[in-house]
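Right, one structure below, let's go through it.
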Amino acid sequence: MPKLNENFFDLEKNYLFINIAKKVKAFTAAHPEADIIRMGIGDVTLPIAQCVVDAMKKGADEMAVKETFRGYEDSGAGYDFLREAVSGYYKSFGADVPARDIRINDGAKADCGNIVDIFGEDNVVLVTDPAYPVYVDTNVMAGRKVIYADSNEDNGFAAMPDYGVKCDLIYLCSPNNPTGSAYTAEQLKVWIDYANKNNAVIIYDAAYEAFITEEDIPRSIYTVPGARECAIEMCSLSKTAGFTGMRCGYTVVPSELVVKNSRGEDVRVADLWGRRQGSKFNGVSYPVQCAAAAVFTPEGLRQTGENIAYYKANARLIARTFDEIGIKYTGGVNSPYIWFKCPWGMGSWEFFDLLLEKAWVVGTPGAGFGKNGEGWFRLTAFGDRDRTAEAMERFRKLIKEH
Ligand code: PLP
């Protein structure tokens, strides 16, 4: 009889989105007249840019012609044309990331989980709390010890390292899901120095880099000195270009990132990662890689940029409303997420119920992202402009009348 991976029984039961769905279903059954506005789930809503879809169609057409048909892609790391395009994109915001350090994948979530394969089970993993749940769950599945760095109101939901705490792997996400906060270059330098001093590796999730507005917020950890020696970066086209249903992202493992093995020999982490991917992953489809490369052309950046600008304007609308009604929040400037303190000292779920019942608006209770999320709440700016404006009017009314 096979033995199970019993680490799975140590996973926290994550009922966040199941509970939300249940509550919304019960409410709509009791109130069929309710016109519900959903601002909970972090999925995009605008269609993919036309020039990107055109590139995908062209790639698909090539597959129907003997001379241009493509089977397995030789390296498994992604086509050179896409890796070069990603490298050029990095260069445009000041990060020197050669194409050889980039591997194309089917989205950041998979690699956030897969990367743990190359690290031993007895590593201590540091995760900021609250966090995107994948970082914790994948490490618990592998039987690793997870410790937390608190992101809270006092530090603006931007946890910083504690030199008294020792760890081997560090997950950072900036701009952050769920808190919308983003690290400055100075703050990232503190983390990089800590990692280099403690021989720790940073796993940096930049899935929301395209939403960064402020000049002093890095679009990549590699714009900060010392990162190439200690950091792996993951990024995705899901939110940048509406690829949540297309599936394409990229992971960077710099050639300078070297870790000692148990015999004291230097091992290039990129070599292990290449070996892992070569054994377990056969690449992203050619038409999708054609589409992804089109995102990084001037026209692709212009067209996808219009969608990002639309979401960012939604975020500003929410932030402006909260400024006016005096609700404390982070995010909304460099992020599609607005993370706010529940009014009247309410708990996250208590406020969820109130918002649903009185305003017919659905959001995400912060408590679902970790202990520091209790009493906080996440709204997303990925919705329709008019619906977002309508939700804000209802919010205003709720605050005034409740
Ligand atoms: N990282 C963060 C912080 C996310 O919020 C998400 C998706 O919501 C992902 C990664 C996963 O993105 P992908 O669609 O590329 O798997």
Side-chain angles (χ1 to χ4, degrees), residues 14 16-17 20 38-46 48 52 78 82 86 89 102-116 127-139 151 157-159 170-183 202-212 217-221 231-252 277 281 283-285 288-289 291-292 295 304 307-308 311 315 330-332 334-339 363-364 366 368-370 373 378-383:
N14 196 339
L16 178 61
F17 289 104
I20 292 174
R38 290 167 203 272
M39 299 176 78
I41 296 185
D43 199 354
V44 290
T45 55
L46 292 174
I48 294 171
V52 174
L82 178 53
V86 174
Y89 179 61
I102 299 165
R103 295 188 77 93
I104 305 303
N105 59 36
D106 57 356
K109 187 177 196 170
D111 274 9
C112 283
N114 294 337
I115 197 80
V116 301
V127 177
T128 59
D129 173 304
Y132 180 55
V134 178
Y135 314 145
V136 175
D137 288 355
T138 51
N139 281 290
S151 295
F157 285 96
I170 302 162
Y171 281 85
L172 298 179
C173 176
S174 178
N176 191 272
N177 177 15
T179 71
S181 65
Y183 284 118
I202 295 173
I203 297 169
Y204 189 78
D205 186 341
Y208 296 95
E209 60 78 18
F211 291 83
I212 290 172
I217 303 295
R219 300 275 297 267
S220 160
I221 196 166
I232 292 170
E233 180 166 298
M234 297 179 178
C235 200
S236 166
L237 294 181
S238 281
K239 310 299 158 76
T240 304
F243 270 45
T244 49
M246 287 264 267
R247 313 304 307 143
C248 195
Y250 43 94
T251 292
V252 177
Q277 291 298 79
F281 183 64
V284 176
S285 78
V288 168
Q289 291 198 53
V295 170
T304 55
N307 288 2
I308 291 169
Y311 297 135
T330 56
N334 300 302
S335 160
Y337 296 118
I338 287 90
W339 175 255
T364 312
F369 297 99
R378 189 191 79 174
L379 291 183
T380 87
F382 286 127

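In listed order, ligands and their atoms are each counted from 1. Quick note: numbers below take in every heavy atom, side chains included, and nothing from hydrogens, waters or symmetry partners. This one's a predicted model, so the numbers in the text were calculated from it and none came from an experiment.
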May I ask you to decide if the ring planes of Y132 and Y135 are parallel, tilted or perpendicular, using 30° and 60° as cut-offs?
perpendicular

Is atom CG of L46 surrounded by more than 12 heavy atoms (other residues, nucleotides or ligands) closer than 6.0 Å?
yes

Is atom CZ of R38 surrounded by more than 12 heavy atoms (other residues, nucleotides or ligands) closer than 6.0 Å?
no

Has [X] got a side-chain atom pairing as donor or acceptor with [Y]'s backbone, closer than 3.5 angstrom?
X: S151; Y: T128; result: no
X: Q289; Y: V284; result: yes
X: T45; Y: F382; result: yes

When you look for protein heavy atoms under 4.0 Å from ligand 1, which residues do they belong to?
G107, A108, K109, Y132, Y135, C173, N177, D205, A207, Y208, S236, S238, K239, R247

